[in-house]
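Reviewing the structure listed below.
Values in this document were obtained by computation on a predicted structure and should not be read as measured data. Quick note: numbers below take in every heavy atom, side chains included, and nothing from hydrogens, waters or symmetry partners.
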Number of protein chains: 2
Amino acid sequence: MSRTDSATEDPRRARSREAMVGAAMRLLASAGPGAVTPARVAAEAGVHRATAYRLWPDADKLLAEVMAETELPFLRDPVTPVRAWLRGCLRELADDLATPLSRSTTTTLMQTALHDARVATRRDALTDTLRARIDAAQNVAVAEGELVDRQDPDHLVAMLVGPLLYRTTLEAATVDDTLIDHLIDRAFPSPSTTGHKR
Amino acid sequence: MSRTDSATEDPRRARSREAMVGAAMRLLASAGPGAVTPARVAAEAGVHRATAYRLWPDADKLLAEVMAETELPFLRDPVTPVRAWLRGCLRELADDLATPLSRSTTTTLMQTALHDARVATRRDALTDTLRARIDAAQNVAVAEGELVDRQDPDHLVAMLVGPLLYRTTLEAATVDDTLIDHLIDRAFPSPSTTGHKR
DNA sequence: GATTTCTGCGACAGGTTGACGCACAAACCT
DNA sequence: AGGTTTGTGCGTCAACCTGTCGCAGAAATC
C-alpha cells in the first residue's frame with residue numbers, strides 16, 4: 001500500500017475527529033443525545049457537514065464513540081487504610097457524577113444501552129470494571145483486618161455506588177459527606193463499628 | 001359554547017388518545033424515546049398521522065404525557081411490622097424496575113429531565129413521593145419501636161432505592177432477595193440486629 | 001333527524017439527511 | 001525541494017420526514 005499503514009493517523013483527520021468528539025461531548029452535556037447529530041456536531045466543531053459522514057460513515061457511531069471514550073478514573077489502586085481511601089474515591093465519584101457532562105453520559109449510556117448492543121457492551125464493561133475495583137478494595141480490607149467477612153461484589157458495588165447514582169442521576173442532587181460516611185459504615189462494617197454510628 | 005363543556009371527552013377522541021398513549025408506551029419500551037415520534041406512534045396505534053398533531057399540537061408533549069401517566073404504586077400505607085412490609089415493597093419495586101417498560105421510562109425520565117423543565121418537574125414529584133413514603137414508613141417504625149433513631153430521609157431513600165436502581169438500570173440485572181435483606185439490615189438497623197448479619 | 005365534532009385522506013412547502021463530484025490545501029515520501 | 005497522496009470545504013442532488021391545511025365522510029350529541 002501507499003504510505004501510512006494506519007500506524008499513525010493523518011493530523012488533519014485527527015484534528016477533525018478530535019474537534020468533533022469534543023463538540024459531541026459539549027452537545028451531549030448541553031442538549032442531550034438527541035442533539036448529537038452529524039449536522040449539529042459538525043457545526044459546533046466548526047467543520048463541514050460532509051466531514052462528519054466521512055469520519056463516521058455509519059451515522060450514530062459517533063455517539064457510541066463519545067461514550068466509549070469516557071473513562072472512569074476512580075477507585076483504582078486501593079490504599080490502606082481502605083476505609084479512608086474509599087471515602088475519598090466515593091467523594092470524587094459523586095462529584096463527577098454531579099457534573100452536567102457526567103450526568104448526560106451516564107443517563108445516555110443507560111438509555112441507549114437498552115436498544116443498542118454495542119453500547120450495552122460498553123455499559124457492561126464499565127460496570128464490570130467498577131465491580132472488580134470495589135472487590136479488589138474489599139479484598140485488601142479483609143487482608144488488612146479492616147473488614148471481617150467478604151461480601152458478594154454485586155451487592156457491595158450496588159450498595160456503595162447505587163445511592164450515589166440515585167442522588168445524582170435521579171434526584172439531580174448532590175451527595176454530602178455524611179451520606180458517604182453512612183454508606184461506608186453500613187456497607188463496609190468494621191469490627192469496631194458494631195452498632196449504629198456516632 | 002356548543003355542547004360538551006369539557007365535562008366528558010368525545011369517545012372518538014378518547015379512543016384515539018388511548019390508542020396512541022398505549023402505542024407510545026410500547027414504542028418507548030421497545031425502541032427508546034427516539035422512536036416516540038408522532039408518525040411512528042400514529043402508525044403503531046393504527047391511527048392517521050394527522051390525528052397525532054391534532055391531539056398533541058406541540059409535538060413532543062406526547063412523551064411527557066406518557067411519563068406523566070406512569071404512577072408508582074409502591075411503598076404506600078406502611079404496615080407493621082415495617083421491616084417485613086418494606087421487604088415486600090422493595091421486592092415489588094425491584095421487579096417492576098426490571099421490566100422493559102419500567103427500564104425505558106426510568107432512563108428516559110432521567111435523561112430528558114436534564115434538558116426539559118416539564119419532565120424535570122415530573123421527576124422531582126416522583127422522587128418527592130418516594131422520599132415521603134420512605135420517611136412515613138420510618139416514622140411508623142420508630143413509633144413501633146422497630147427502629148431506634150430516625151435518619152435523614154434523603155439518605156434513607158438513597159440507600160434503599162439507589163442499589164435497586166443501580167442493579168436494574170445501570171447493570172441491567174435483577175435484584176435477588178438477599179440484596180434486599182442486606183439493604184434493610186444495613187439501612188434500617190434494628191435494635192436486635194446490632195453487628196453484621198447471620 | 002339535524003348539527004356538531006372527530007377522523008381519514010391527500011397534498012403541500014419547508015427542512016433535514018446522506019451521498020456525490022470537484023477544487024484546493026495539507027501532509028507525506030523520496 | 002517536487003511530486004504524490006490524502007483530507008477538507010463547498011455546492012448540489014434526490015429522498016425522506018415534518019408539520020399544516022382543506023375537504024369529505026363517519027360518529028357522536030342534542
Please work out if A39(B) contacts a base, only the sugar-phosphate, or nothing of the nucleic acid, heavy-atom cut-off 4.0 Å. sugar-phosphate
Measure the distance from CG on L55(B) to C1' on dC6(C) and round it to the nearest whole Å. 9 Å
Between A50(A) and P38(B), which residue's closest nucleotide on DNA chain D lies nearer the 5′ terminus? A50(A)
Would the distance check show the side chain of S102(B) and the main-chain N or O of A98(B) forming a donor-acceptor pair, the cut-off being under 3.5 Å? no
Looking at D135(B) and R150(B), is any side-chain nitrogen of the basic one under 4.0 Å from a carboxylate oxygen of the acidic one? yes
Distance in angstrom units between R54(A) CZ and dG21(C) C1', rounded: 11 Å
Phosphate contact (dC17(D) OP1 or OP2) by T37(B) side-chain N/O below 4.0 Å: no
Identify, between P57(B) and G46(A), the residue whose nearest nucleotide on DNA chain D lies closer to the 5' end. G46(A)
Atom CZ of R17(A) and atom P of dT6(D): how far apart are they, to the nearest Å? 16 Å
Using whole Å, what does the distance between atom P of nucleotide dT8(D) and atom CE of M20(A) come to? 10 Å
Given dA27(C), is OP1 or OP2 found less than 4.0 Å from the side-chain N or O atoms of R15(A)? yes
dG18(C) phosphate, OP1 or OP2: any side-chain N/O from Y53(A) under 4.0 angstrom? yes
Could you tell me whether E71(B) and R122(B) have a side-chain N and a carboxylate O separated by less than 4.0 Å? yes
Is there a side-chain contact between T51(B) and the phosphate of dG8(C), meaning an N or O under 4.0 Å from OP1 or OP2? yes
Salt-bridge present (R87(A), D177(A); N to O < 4.0 Å): no
Tell whether R49(A) reaches the base of dG18(C) with its side chain through a donor-acceptor pair below 3.5 angstrom. yes
Base of dA27(D), side chain of R12(B) - is there a donor-acceptor contact under 3.5 Å? yes
Just how far, in rounded Å, is P of dT17(C) from NE2 of H48(A)? 14 Å
CG of L170(B) to CG of L109(A), rounded to nearest 0.5 Å, is 6.5 Å
Counting side-chain heavy atoms from C-beta on, which of dG9(D), dC6(C), dG8(C) comes nearest to R13(B)? dC6(C)
From dC10(D), dT8(D), dT20(D), pick the nucleotide closest to the side chain of S16(A)? dT8(D)
When all nucleic acid strands are considered with a 4.0 Å heavy-atom cut-off, which category describes R40(A): base, sugar-phosphate, or nothing? nothing
Please state how far atom CG in D10(A) lies from atom C1' in dC28(C), giving the value in whole angstrom units. 8 Å
Taking the minimum atom-to-atom distance to the side chain of P11(B), which one of dC6(C), dT29(D), dG9(D) wins? dT29(D)
